[in-house]
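Reviewing the structure listed below.
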Amino acid sequence: MRLQSLTFIISVGLSQGTSLPDSLNVIQQLQYHVKKLCSFKGRGHGTKGAQQTIKYISKTLRRMGYSPQTQSFLVSVHLFTKVEVEVKEGSNWRKWKEGIDFIPAGDCPSIRGTWKVDTIPQTGHAWWVNSTLSEEAVQEIAQKSGVSLLLLPRSKLIASIAPKPGPLPLLYVQERSSFPLEVRLSIKTYTCNTTAWNVYAYLEGESSDSAWVVGAHYDHLGRIGKATFWGANDNASGVAFLLVLADRLKKARCPYGIWFVAFGAEELGLIGSHRWVMTPPCALDRLRGMINFDLLGFGEKGVAVVGAADQPLFWQRIQQARLQINWDPPLLLRPMAPNSDQYPFWLRGVPALFFYLLGGPRYYHDIYDKPHTLTWHAAYPFLTWMEKTLLTP
Ligand SMILES: [Zn+2]
């Protein structure tokens, strides 16, 4: 039923292609994929959402005429089944809202009890850390002083996931002028050893000598207790781009082959992309380059390119395509960093760049990163640029 409705929307989009501008078709398709990918409740490994995501990507690629394959690997992920926090302010207890008042650290272990809150580290207390010390230094002091629980005020709550529990319970809490007298917690977690997947498909080019890799990670944080991390910009937007590009290029004549790869377990430490370069379906020295999409839902403030600063020749080649389409957005050229799936490729000697679009409300790893917030400001010119790059002999 759902697949039929997708076919309907896309075929309507294409049949109206003569009257609808191409840019509108593209944005409608991107929005459709993002909405669909966000319906899988955060696409966290160890949850049904990851399996639904893989099925969706595979079915979509198959419908376009590809023969998608999967690559499986084992991951360990620390999951939260219950997260309840109450605080005593004055004589009243108040429930704190997850994602708004606090967020547990990805490696926060199971914990249950009530603690007095103090701003200095004390045995058997919760420590409200009013300090500019690094998180590592704070953890060390807390362990030495027998602190039971860490409360770290932050101006922005950013969630993460971890493979296993850490030594000390830690909550990031929304910065406020006063701190509570007591805190009561009930957090239940377990470590799940599960299978994760990469899904990829190959598009034949006119020359079989070399190929591109276009990648985007599909996983996100899933759910932490009752809070869902939808991951619209991170990275349903990148996967949507990958799917739209795969569809359009299937109808074009590509000079080189293209591997379209949706990576798993990026949020757990680039595990899927490390796995792909360890057992690639083609020789890595045949790859012309790798283009990674992550965070493509905005673009009001331009384009960031990670890896451009230290691969000038490769960057110049890709720049040429942008000059040909006459698009001149502000560019932020950054050095290579282990911040997304281009990194394992670069480590193995494959030229690799990570593109993300700047602007928007800067929701990141929080409960606000939802489909309706994406503006797709630079989506169409960016897509055209990437198409031009991949179609240039
Ligand atoms: Zn991401």
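The chain is numbered in sequence order, starting from 1. Treat the numbers as computed from the prediction; the structure is a model and nothing was measured.
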Does the side chain of Gln319 come under 3.5 Å of the side chain of Arg322 through a donor N or O and an acceptor N or O? yes
Test your reading of the model: is there a side-chain donor-acceptor pair from His274 to the backbone of Gly272, 3.5 Å cut-off? no
Output, in order, the C-alpha distance, side-chain angles, deciding distance and verdict of side-chain hydrogen bond (donor to acceptor under 3.5 Å, both in side chains) for Thr375 and Glu300. CA-CA 9 Å; Thr375 60; Glu300 292 82 353; 2.6 Å; yes
Should we say atom NZ of Lys35 is surrounded by more than 12 heavy atoms from elsewhere, each under 6.0 Å from it? no
Show the nearest heavy-atom pair for residues Ala321 and Thr389, with the distance to one decimal. CB-OG1, 3.4 Å
According to salt bridge (charged side-chain N to carboxylate O under 4.0 Å, His left out), who are the partners of Glu206, at least two apart in sequence or on a separate chain? Arg253
For the student: nearest non-hydrogen atoms of Ile100 and Tyr368, plus distance: CG1-OH, 3.6 Å
Are Ile27 and Leu243 connected, step by step, through hydrophobic side chains (Ile, Leu, Val, Met, Phe, Trp, Tyr) whose heavy atoms are closer than 4.5 Å? yes
Determine which pairs satisfy ring-ring contact (aromatic ring centres under 6.0 Å, His included) with at least one residue from residues 79-108, sequence neighbours left out, and list them in order. His78-Phe80
Donor-acceptor check, side chain of Asp294 to backbone of Asp341, threshold 3.5 angstrom: yes or no? no
Under the 3.5 angstrom rule, does the side chain of Gln342 hit a backbone N or O of Pro351 as a donor-acceptor pair? no
Would you find a donor on one side and an acceptor on the other, under 3.5 Å apart, between the side chain of Ser110 and the backbone of Thr189? yes
Please determine whether side-chain contact (heavy atoms from CB on, under 4.5 Å) holds for the pair Leu383 and Arg248, giving the CA-CA distance in whole Å, both sets of side-chain angles, and the decisive distance to 0.1 Å. CA-CA 10 Å; Leu383 187 88; Arg248 291 164 71 90; 3.6 Å; yes
Contacts of Ser160 meeting side-chain contact (heavy atoms from CB on, under 4.5 Å) (sequence neighbours excluded), chain-then-number -> none
Taking side-chain contact (heavy atoms from CB on, under 4.5 Å) as the definition, give me every residue that meets it alongside Ser23, ordered by chain and number, with sequence neighbours left out. Pro21, Tyr380
Return each pair, listed once, that meets salt bridge (Lys or Arg N to Asp or Glu O under 4.0 Å) where at least one residue sits in residues 346-372; pairs must be two or more places apart or across chains. Lys156-Asp366
Given the rule in the side-chain contact (heavy atoms from CB on, under 4.5 Å) test, do Ser340 and Glu266 qualify, once you have shown the distances and angles that lead to the verdict? CA-CA 7 Å; Ser340 193; Glu266 189 265 0; 3.5 Å; yes
List the atom of Trp115, the atom of Leu149, and the distance in Å for their closest heavy-atom pair. CE3-CD2, 4.2 Å
With clusters defined by side-chain heavy atoms of hydrophobic residues (ILVMFWY) lying less than 4.5 Å apart, directly or transitively, does Leu358 cluster with Leu331? no
Hydrophobic cluster membership, Leu374 vs Met386, 4.5 Å side-chain cutoff: yes
Non-hydrogen side-chain atoms of Leu74 and Thr195 separated by less than 4.5 Å: yes
For Leu353 and Gln311: C-alpha separation, side-chain torsions, deciding distance, then whether side-chain contact (heavy atoms from CB on, under 4.5 Å) applies. CA-CA 9 Å; Leu353 295 172; Gln311 300 167 97; 3.8 Å; yes
Any sub-3.5 Å donor-acceptor pair from Arg43's side-chain atoms to Trp230's backbone N or O? yes
Please set out all donor-acceptor pairs under 3.5 angstrom arising from side-chain atoms of residues 178-186, sequence neighbours excluded.
residue, atom, partner, partner atom, Å
Arg184, NH1, Glu86, OE1, 3.3
Ser186, OG, Lys82, NZ, 3.3

Are side-chain heavy atoms of Thr47 and Arg223 found at a separation under 4.5 Å? no
Is the shortest heavy-atom distance from the side chain of Lys95 to the side chain of Asp101 under 4.5 Å? no
Please give the remaining members of the hydrophobic cluster of Leu323, linking ILVMFWY side chains under 4.5 Å, ordered by chain and number. none
Taken to the nearest 0.5 Å, the spacing of Phe293 CZ from Leu357 CG works out to 9.5 Å
Below 6.0 angstrom between ring centroids: does that apply to Tyr218 and Tyr56? no
Those residues that, when tested against Lys301, pass salt bridge (charged side-chain N to carboxylate O under 4.0 Å, His left out) (two or more places apart): none
Quick check: do Val75 and Pro163 have side-chain heavy atoms less than 4.5 Å from each other? no
Which heavy atom in Ala159 sits nearest to a heavy atom in Ile224, and how many Å separate them? CB-CD1, 4.1 Å
Closest approach of Ala142 to Leu150 (non-hydrogen atoms, all atoms of both residues): CB-CD2, 4.0 Å
Counting only N and O atoms by type, is there a donor-acceptor contact under 3.5 Å from the side chain of Ser145 to the main-chain atoms of Val147? no
Between Phe354 and Tyr356, how do the two ring planes meet: parallel, tilted or perpendicular, split at 30° and 60°? tilted
Side-chain heavy-atom pair Ser237, Trp376 within 4.5 angstrom cut-off: yes
Shortest non-hydrogen separation from Ala201 to Leu61 and the atoms involved: CB-CD1, 4.1 Å
Can you list the residues that meet the side-chain contact (heavy atoms from CB on, under 4.5 Å) rule with Ala162, with sequence neighbours excluded? Asp107
Tell me whether Leu296 is reachable from Trp212 by hopping between hydrophobic residues (I, L, V, M, F, W, Y) whose side-chain heavy atoms are closer than 4.5 Å. yes
Residue pair Ile271, His45: steps toward the side-chain contact (heavy atoms from CB on, under 4.5 Å) verdict: CA-CA 12 Å; Ile271 299 177; His45 287 298; over 6 Å; no
Pair Phe355 + Phe241: ring centers closer than 6.0 Å: no
Residues, nucleotides or ligands: over 12 heavy atoms within 6.0 Å of Arg112 CZ: no
Is the CZ atom of Arg154 crowded by more than 12 outside heavy atoms at less than 6.0 Å? yes
So if you build clusters from Ile, Leu, Val, Met, Phe, Trp, Tyr with side-chain heavy-atom gaps below 4.5 Å, do Val77 and Leu270 land together? no
State, yes or no, whether a side-chain contact exists between Thr279 and Phe73 at a heavy-atom distance under 4.5 Å. no
Among Ile, Leu, Val, Met, Phe, Trp and Tyr joined by side-chain contacts under 4.5 Å, find the other residues sharing a cluster with Trp259 and list them by chain and number. Tyr200, Tyr202, Val213, Val261, Phe263, Trp276, Val277, Leu284, Leu287, Met290, Phe345, Val350
Main chain of Lys188, side chain of Thr81: is a donor-acceptor contact present, judged purely on distance under 3.5 Å? yes
Residues 126-133, side-chain donor-acceptor partners within the protein, below 3.5 Å, at least two apart:
residue, atom, partner, partner atom, Å
Trp127, NE1, Thr119, O, 3.2
Ser131, OG, Leu133, N, 2.9

Between Asp310 (side chain only) and Met336 (backbone N and O only), is there a donor and an acceptor less than 3.5 Å apart? yes
Taking C-beta and beyond as the side chain, do Leu168 and Leu170 meet within less than 4.5 Å on heavy atoms? no
For residues Asp234 and His217, is any side-chain donor paired with an opposing acceptor at under 3.5 Å? yes
Flag the pair Tyr363 / Asn233 as yes when at least one side-chain heavy-atom distance between them is below 4.5 Å, and no otherwise. no
Got a sec, which residues hit side-chain contact (heavy atoms from CB on, under 4.5 Å) with Lys48, two or more places apart in sequence or on another chain? Gln52
Can a donor-acceptor pair be found, under 3.5 Å and without considering hydrogens, that links the side chain of Ser58 to the backbone of Lys55? no
